[in-house]
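Computation of the quantities below employed the complete heavy-atom set of this structure, encompassing side-chain atoms and omitting hydrogens, waters and symmetry-equivalent molecules. Proteins come first, then strands; the chains are lettered A, B, ... in the order of their sequence lines, and each starts at number 1.
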2 protein chains.
Amino acid sequence: MAPTSETLTAERILAATEEVLRRHGPAKATVVDVARALGVSHGSVYRHFRTKAALREAVTKRWLDRTSQKLAEIAAASGRDPEARLRDWLAALFEAKRHKAGDDPELFATYTVLTDENGAVVGEHIADLTAQLTRIITQGAGSGTFSVPDPAAAARAVFQATGRFHDPCYAREWTLPGVGEEFTAVVDLLVRGLR
Amino acid sequence: MAPTSETLTAERILAATEEVLRRHGPAKATVVDVARALGVSHGSVYRHFRTKAALREAVTKRWLDRTSQKLAEIAAASGRDPEARLRDWLAALFEAKRHKAGDDPELFATYTVLTDENGAVVGEHIADLTAQLTRIITQGAGSGTFSVPDPAAAARAVFQATGRFHDPCYAREWTLPGVGEEFTAVVDLLVRGLR
DNA sequence: CAGCTGACAGATTTCAATATTTGTCAGCTG
DNA sequence: CAGCTGACAAATATTGAAATCTGTCAGCTG
């Protein structure tokens, strides 16, 4: 926490911003707080990020990218059969979200606010995830496991149909008993539809 | 609009409340406003509804029930083949929501607030809709069109998987170009999964 | 001179005083 | 006497003045 005297980088500012957001929440986190945490004046922060909105956007992107990367590993595991990979990938997405929401609800609420105010970044994130899904489904179509005319469209449909298990607006319901079964039921139905 | 001197019934109060909500929005609609619209004192309103929350809840239920009824007609049209009926029903649900959101966004926003504060009523509404879906799917299973072990579970899965096309939290995206295709893609996938 | 500071104007938020609303009930009225 | 009224206390919302924050920039510093 002690202000190190290393050069001020975008990276260090982002880390400090995450910490301030975690501490104060999205409504009370100010760029003055971030500057104070770094032991610099708030003017210095504006040298690296044009506006507070840009800073928040960068933090949001970082957070979403961490999830994307974890899922990319599953999507890339080309040894496994595509159907199992699809199930794993969807389960991993659900689990990741469910844990984030369950383990630290306040932090999750903070990031929900951030994603709400950064539609463009979320859009790119969704495009990224859909592309991963498309890769899995394309391979499934190639190996004959799946029978789909347009893998990209199928990927979008699968992603949208499972929204209830990854979209933050349903986070409240992820702790209800029986969600696991509901998730399985939806995924089973979709996988059957792809075959 | 002129205060008729008929006896004050729950029905008349509900109608007046809808009007006040339409005019003032959910944040500024008071029970004093409702009483004024009816030409009575607000004490009289409390004779029919214990609290303001109960009044709003009743209005919410009324609104949701109107949608349920329209869909029930489609679900009950037992002449048609179950697959077509399922598609019609889902399309009708989507269209109904999309029009409500598109035609009068402010009123739709008002009812979105109301449904957010009345989770229990919404839960019953969803149970009702799911029961309608279950009936269609059960008939499809009987006639051999669908092959599902548990029609009720399948109905829940179909309803949840199509959330993007009826849940108010996605209302913003219902005007985007291409939603129609997305809807069709998801429904096609689900129907294939049911067969 | 590259990078940081801190004073500043305008925008936004906070907070406490003020006003409105909710919900009750004793009593009026037809 | 069934149903309505309106005065009331407590809860909630509004308001506007004061405090804080955002974003800029001229000038300092190493």
Side-chain angles (χ1 to χ4, degrees), chain A residues 1-60 106 109-110 113-114 116-118 121, chain B residues 1-61 106 109-110 112-114 116-118 121:
Chain A
M1 209 50 42
T4 72
S5 52
E6 280 176 62
T7 54
L8 188 61
T9 63
E11 193 52 34
R12 285 186 63 220
I13 293 173
L14 287 174
T17 306
E18 277 189 355
E19 181 58 21
V20 169
L21 280 165
R22 192 188 311 276
R23 279 233 155 77
H24 299 356
K28 291 192 200 161
T30 72
V31 354
V32 172
D33 290 330
V34 173
R36 188 168 27 238
L38 289 162
V40 299
S41 82
H42 74 280
S44 301
V45 173
Y46 280 100
R47 176 162 300 280
H48 294 266
F49 295 93
R50 270 202 304 284
T51 64
K52 181 188 187 182
L55 176 55
R56 288 178 153 231
E57 184 179 282
V59 170
T60 307
E106 280 193 39
T110 293
V113 171
L114 289 183
D116 279 349
E117 65 190 33
N118 289 290
V121 171
Chain B
M1 208 54 38
T4 71
S5 51
E6 280 175 62
T7 54
L8 189 60
T9 63
E11 193 53 33
R12 284 186 64 219
I13 293 173
L14 287 175
T17 305
E18 277 189 355
E19 181 59 20
V20 168
L21 280 165
R22 192 188 311 276
R23 280 231 154 78
H24 299 355
K28 292 191 199 162
T30 72
V31 354
V32 172
D33 289 331
V34 174
R36 189 170 24 239
L38 289 162
V40 299
S41 81
H42 74 280
S44 301
V45 173
Y46 281 99
R47 176 160 300 280
H48 294 265
F49 296 92
R50 269 201 306 283
T51 64
K52 182 190 186 182
L55 176 56
R56 288 179 153 230
E57 183 180 283
V59 170
T60 308
K61 185 162 164 39
E106 281 193 39
T110 292
T112 301
V113 171
L114 288 183
D116 280 348
E117 64 189 34
N118 290 290
V121 171

Quick one: [X] [atom1] to [N] [atom2], roughly how many Å, whole number?
| X | N | atom1 | atom2 | result |
| --- | --- | --- | --- | --- |
| B:Ile13 | D:dG3 | CD1 | C1' | 12 Å |
| A:Arg56 | D:dC21 | CZ | P | 13 Å |
| A:Arg47 | C:dG6 | CZ | C1' | 13 Å |
| B:His48 | D:dT5 | NE2 | C1' | 14 Å |

Next on the checklist: Would the distance check show the side chain of A:Arg56 and the main-chain N or O of A:Asn118 forming a donor-acceptor pair, the cut-off being under 3.5 Å?
Outcome noted: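 Such a contact is absent between A:Arg56 side chain and A:Asn118 backbone.
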
Item to check | Pairwise 5' ranking along DNA chain D for B:Ala27 and B:Ser41, keeping only the more 5' one | outcome: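 With B:Ala27 and B:Ser41 compared, the 5'-side residue is B:Ser41.
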
Checklist entry - Any side-chain N or O of A:Ser44 under 4.0 Å from OP1/OP2 of C:dC4? => result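 Answer no for this pair, as no side-chain N or O of A:Ser44 is under 4.0 Å from OP1 or OP2.
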
Next on the checklist: If you count every heavy atom of other residues, nucleotides or ligands that lies below 6.0 Å from B:Lys61 atom NZ, does the total exceed 12?
Outcome noted: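 No, the 6.0 Å shell around NZ holds no more than 12 heavy atoms from other groups.
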
Next on the checklist: Closest approach to the side chain of B:Leu8, judged atom by atom: which nucleotide of D:dC4, C:dT5, D:dT5 is it?
Outcome noted: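 Nearest listed nucleotide: D:dC4.
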
Partner lookup for [N], please. Criteria are Watson-Crick or G-U wobble with both distances under 3.5 angstrom; report none if nothing qualifies.
| N | answer |
| --- | --- |
| D:dC28 | C:dG3 |
| D:dG23 | C:dC8 |
| C:dT21 | D:dA10 |

Next on the checklist: Can you tell me which residue among A:Arg23, A:Arg22, A:Glu18, A:His24 is in a side-chain contact (heavy atoms from CB on, under 4.5 Å) with A:Val20?
Outcome noted: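 Between A:Val20 and the candidates, side-chain contact (heavy atoms from CB on, under 4.5 Å) is satisfied uniquely by A:His24.
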
Checklist entry - Does the side chain of A:Thr17 reach to within under 4.5 Å of the side chain of A:Val45, using non-hydrogen atoms? => result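 No, side chains not in contact.
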
Item to check | Close side-chain approach of B:Arg36 to B:Asp33, heavy-atom, < 4.5 Å | outcome: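 Contact flag for B:Arg36/B:Asp33 side chains = yes.
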
Item to check | Atom pair CD/OG1 of A:Glu57 and A:Thr51 - distance to nearest 0.5 Å | outcome: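 Going from the CD atom of A:Glu57 to the OG1 atom of A:Thr51 covers 8.0 Å.
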
Between N or O atoms, less than 3.5 Å apart, protein on one side and nucleotides 16-25 of chain C on the other: list the pairs.
from, atom 1, to, atom 2, distance (Å)
C:dT22, OP1, B:Val31, N, 3.3
C:dT22, OP1, B:Lys52, NZ, 3.0
C:dT22, OP2, B:Val31, N, 3.2
C:dG23, OP2, B:Tyr46, OH, 3.1
C:dG23, OP2, B:Lys52, N, 2.5
C:dG23, N7, B:His42, NE2, 3.3
C:dG23, O6, B:His42, NE2, 3.0

